[in-house]
Amino acid sequence: MTLTGNMLIGFSEVRGNDGEQSAFNPTTNSEIAEPVFGMGGTLEVERAASLASQAFDDYRRIPLAKRAAFLEAIADNILSLGDELIERAHAETGLPAQRLEGERGRTVGQLRLFAKVVRDGHFLAATIDRAQPSLQPLPRADIRLAKMPLGPVAVFCASNFPLAFSVAGGDTASALAAGAPVIVKAHGAHLGTAELVGRAVQQAVREQGLPEGVFSLLFGAGRRLGEALVAHPAVRAVGFTGSRQGGLALLRIANARPEPIPVNAEMSSINPVFLLPHALANRAETLGSAFADSLTMGAGQFCTNPGLVLAVDGPDLERFVEAAAQALSKKSAQTMLTPGIFEAYCAGTHSVAAVEGVTQVAHGVSAGERPNAAQAALYVTDAQRLLASPELEAEMFGPASVVIRARDVEELMAVAEDLEGQLTATLQIDDGDYADAQRLLPVLERKAGRILANGFPTGVEVCYAMVHGGPFPSTSSPMFTSVGATAIDRFLRPVCYQDLPDALLPDAVKQVNPLHLWRLVDGERVAPEAPGA
Ligand code: NAP
């Protein structure tokens, strides 16, 4: 496919004239000549938002089967892009082809999972409380609840997931599944990849005969376009993955609108890993090398990277550090996504290394002359130092982590209490550790969205029970997940219908149950075929 560098607004191709930008190859540290991308501004936001607004009522009311077929058509069209997509994404991000193929599989799998979620209809939360005219002291009206989409959603692509959290990634898939039109702002780190996937989505909108405003893809630099998008009155919710600073900026814009809107921002997390005493004694070496693998996967550019390891000090922890150091010493430096992310990684590691009482105990293979290549790093300090130095809790986005030596389990508990909100918390536990784990769990439940035992947090399964969310600053909305089937809930709201005639009710709560849903009727879960609902 010939890339044009043009935005896709509904069915139109629009050349942005608010500056130009070339894509960048971080491996060669040079611009990719073709094409040059035209950046959009407020005019393009206006056009995309207006189309999205016009499309909303039609799109949200198409049959669920058709909405599901649309999501599946996007998946098919992405696969049809073949190697061109992988090659372009590799050139723009430096991520290896194998990782990108895996990410494409996840992206397509996510779209198909949401197609299933849509067909199933459970997300509509159909609930019926039948009228009780003879109820004393007052009769009860007929009251029915079904969920509907919030309205057009603005999606900010993530730099670190050019496919799975970008143009047709988790935010877009869940918003489209909810029945919301989507306006995507591409990330400057992978503009060509964005155009390829954008065309796949646009083609699916056409093929399925949907209103053109269901999808638009915008390019914008210098933040003006992103700011205008969040501020636009037609936009009703935001999905974002990136820095804490960026997420908070969007949240401020959304809250300052005459009509504030929800921003689902996934921001920063250091994903503490607790090595409890028996597990450490029994498995220090295995844990050290598995930790090094998790830390360096994808150059550490995962929101679930294990950036903090905590254990009681002693010879077993020394064995762990020694094993991790040995494994890390063999890990090659890896190209990071952008020069900016590489510079932020170097600045982050320098500032941790500069904290008094912090010692660097391991590093990966040097990058030599390779541009933008991150060398892994491991630091050690004690629990009191961490408690006194909040900067040690800042996310170092990349393959670096800090090991915390605690005097005893009491001190581990104190550190756990001190932690900010996290996407994940991990426990390495053997049988003898259950009592300590039971004390830690209530604290970790308050702090994290996902608690793992005997694994490492990188690798987020896309499934029904997944939670990729958590208290601030890991996200701006701890009630939700951005990965997994229930990510759809971020873009829905309940509407209650009181005494509406059956013909005017949405299908989800009509008397005859035309969607064949499981429904909650007078407080009882009722199967589709059950009479009387
Ligand atoms: P970012 O700087 O937060 O940018 C993400 C997106 O939001 C970009 O499209 C950016 O637009 C936009 N944006 C940021 N600030 C904005 C503002 N004030 N107003 C309007 N739009 C704004 O994240 P990034 O570029 O992906 O990476 C930078 C750093 O974020 C990394 O070094 C890393 O520390 C962190 N990060 C964390 C995660 C995670 O999952 N925890 C993931 C990715 C990145 P522009 O490009 O036009 O500025």
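Numbering of ligands and ligand atoms starts at 1, following listing order.
- Within the structure, the side-chain hydrogen bond (donor to acceptor under 3.5 Å, both in side chains) test picks out the following pairs touching residues 330-356 (sequence neighbours left out): Asp293-Lys331.
- Taking a cutoff of 4.0 Å between a charged side-chain nitrogen and a carboxylate oxygen, Glu44 and Lys185 do not qualify as a salt bridge.
- Near ligand 1, residues Phe156, Ser159, Asn160, Lys185, His187, Gly220, Gly222, Arg223, Glu227, Phe240, Thr241, Gly242, Ser243, Gly246, Ala249, Leu250, Glu266, Met267, Cys303, Ile341, Ala344, Glu395, Phe397 come within 4.0 angstrom through at least one heavy atom.
- Side chain of Arg490 to backbone of Asn264: no donor-acceptor contact under 3.5 angstrom is found.
- Listed by chain and residue number, Ser50 satisfy the side-chain hydrogen bond (donor to acceptor under 3.5 Å, both in side chains) test with Gln54 (two or more places apart in sequence, or in another chain).
- Geometric assessment of Arg106 against the ring of Phe161 yields a positive cation-pi assignment under the 6.0 Å and 45° thresholds.
- Under the side-chain hydrogen bond (donor to acceptor under 3.5 Å, both in side chains) criterion, Gln360 pairs with no residue, sequence neighbours left out.
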